[in-house]
Amino acid sequence: NAGVTQTPKFRVLKTGQSMTLLCAQDMNHEYMYWYRQDPGMGLRLIHYSVGEGTTAKGEVPDGYNVSRLKKQNFLLGLESAAPSQTSVYFCASSSTSEAFFGQGTRLTVV
Amino acid sequence: AQSVTQLDSQVPVFEEAPVELRCNYSSSVSVYLFWYVQYPNQGLQLLLKYLSGSTLVESINGFEAEFNKSQTSFHLRKPSVHISDTAEYFCAVRGNAGKSTFGDGTTLTVKP
């Protein structure tokens, strides 16, 4: 009964370092999403996927890349981290109705 | 394109008082509407949803929301709040292509 699982939960990066956030869902959902949450700004969509092998840009895609090689996994990559990417990142998945969210990854870039 | 406006960023209220969290949306296509709740250091959880049918939808913990197509609103209400309702609430709209757009959130603080 895992739902949506994000790893890691916390991470501190130095400016210029790279990292990958992993999202895994066990509900056989077609749609998967990456959001970032910043104080007072709600959730902003970074990238999303409508099925295995597909990706699309969301509202704030710059500085991020994604891949969906397997239906159950959606990876978010930061090639060269910047302090502006300090945020809480949420992955979500959905079928045709509501989204199911992971617990979030708190990323700090120093 | 679709957008969501939550009209109040913070709503303080005393315990057992009624509350309304306001949400307006815009979309060029038919939409599904949702309210999510986020407790500190957690992800978002679905509170209630409108997909079709009755315009009044209810949650298991006493919240309700009414879809008003003419006013493009989906306000959330509860007749009597508890301390445990303190959280951040997000209104969301989902249209074509499966994308959901979220409002900026309303922080509900219930005071004893």
Side-chain angles (χ1 to χ4, degrees), chain A residues 2-7 9-10 21 23-25 27 29-52 54-61 66 68 71 74 87-107, chain B residues 1-11 21-25 29-53 57 59-60 63 65 67 74 87-108:
Chain A
V4 179
T5 303
Q6 292 182 232
T7 53
K9 290 183 171 51
F10 302 93
L21 282 66
C23 177
Q25 55 100 359
M27 296 171 283
H29 286 163
E30 291 294 334
Y31 299 95
M32 295 189 74
Y33 316 85
W34 277 106
Y35 292 91
R36 59 178 291 174
Q37 184 179 28
D38 302 290
M41 302 183 74
L43 275 77
R44 293 182 291 168
L45 183 63
I46 304 171
H47 287 280
Y48 66 103
S49 168
V50 300
E52 180 178 319
T54 74
T55 62
K57 293 181 179 180
E59 184 184 352
V60 288
V66 289
R68 183 111 181 258
K71 186 177 185 179
F74 195 31
S87 187
V88 180
Y89 292 84
F90 286 100
C91 175
S93 71
S94 71
S95 56
T96 57
S97 181
E98 72 268 24
F100 293 80
F101 284 82
Q103 292 297 295
T105 296
R106 187 172 296 275
L107 175 66
Chain B
Q2 56 196 32
S3 66
V4 176
T5 301
Q6 291 184 240
L7 297 166
D8 308 289
S9 60
Q10 308 227 9
V11 175
L21 307 184
R22 297 178 293 167
C23 173
N24 287 107
Y25 72 93
V29 300
S30 296
V31 296
Y32 296 158
L33 294 159
F34 308 88
W35 276 98
Y36 292 86
V37 59
Q38 184 180 33
Y39 299 103
N41 300 314
Q42 294 187 25
L44 279 70
Q45 307 170 33
L46 179 70
L47 186 61
L48 47 74
K49 61 185 177 185
Y50 170 78
L51 304 181
S52 64
V57 292
S59 72
I60 58 173
F63 283 94
F67 169 56
F74 191 54
E88 190 155 19
Y89 292 80
F90 291 93
C91 181
V93 59
R94 176 175 176 164
N96 290 341
K99 288 192 298 179
S100 291
T101 300
F102 288 80
D104 289 342
T106 298
T107 301
L108 173 65

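Residue numbering restarts at 1 for every chain, and letters A, B, ... go by the order of the sequence lines. What you see below is based on every heavy atom in this structure, not just the backbone, and it leaves out hydrogens, waters and symmetry mates.
Considering only heavy atoms from C-beta on, B/Ser100 stays 4.5 Å or farther from A/Tyr31 through its side chain. B/Phe102 has its side chain out of reach of A/Gln37: every pair of non-hydrogen atoms, C-beta onward, lies at least 4.5 Å apart. Between B/Asn41 and A/Arg106, the closest side-chain pair of non-hydrogen atoms falls below 4.5 Å.
Across every non-hydrogen atom of B/Leu44 and A/Phe101, the tightest pair is O-CB, 3.5 Å.
In this structure, A/Met41 places its CE atom where only 12 or fewer heavy-atom neighbours from other residues, nucleotides or ligands lie under 6.0 Å away.
Proximity to chain A is absent for every atom of B/Gln45, based on heavy atoms less than 4.5 angstrom apart. Contacts between A/Leu43 and chain B at a heavy-atom distance below 4.5 Å involve backbone atoms as well as side-chain atoms. There is no contact between A/Phe100 and chain B, counting heavy-atom distances below 4.5 Å. Neither the backbone nor the side chain of B/Ser9 has a heavy atom closer than 4.5 Å to any heavy atom of chain A. If you measure heavy-atom distances from A/Ser97 to chain B, the contacts under 4.5 Å come from both the backbone and the side chain.
Per-residue counts of heavy-atom pairs under 4.5 Å with chain B were compared for A/Ala56, A/Ser95, A/Gly102, A/Cys91; the largest is that of A/Ser95.
Every residue two or more places apart in sequence or in another chain was checked for a ring pair (Phe, Tyr, Trp, His ring centres under 6.0 Å) with B/Tyr32, and none qualifies.
No side-chain donor-acceptor contact under 3.5 Å links B/Arg94 to the backbone of A/Glu98.
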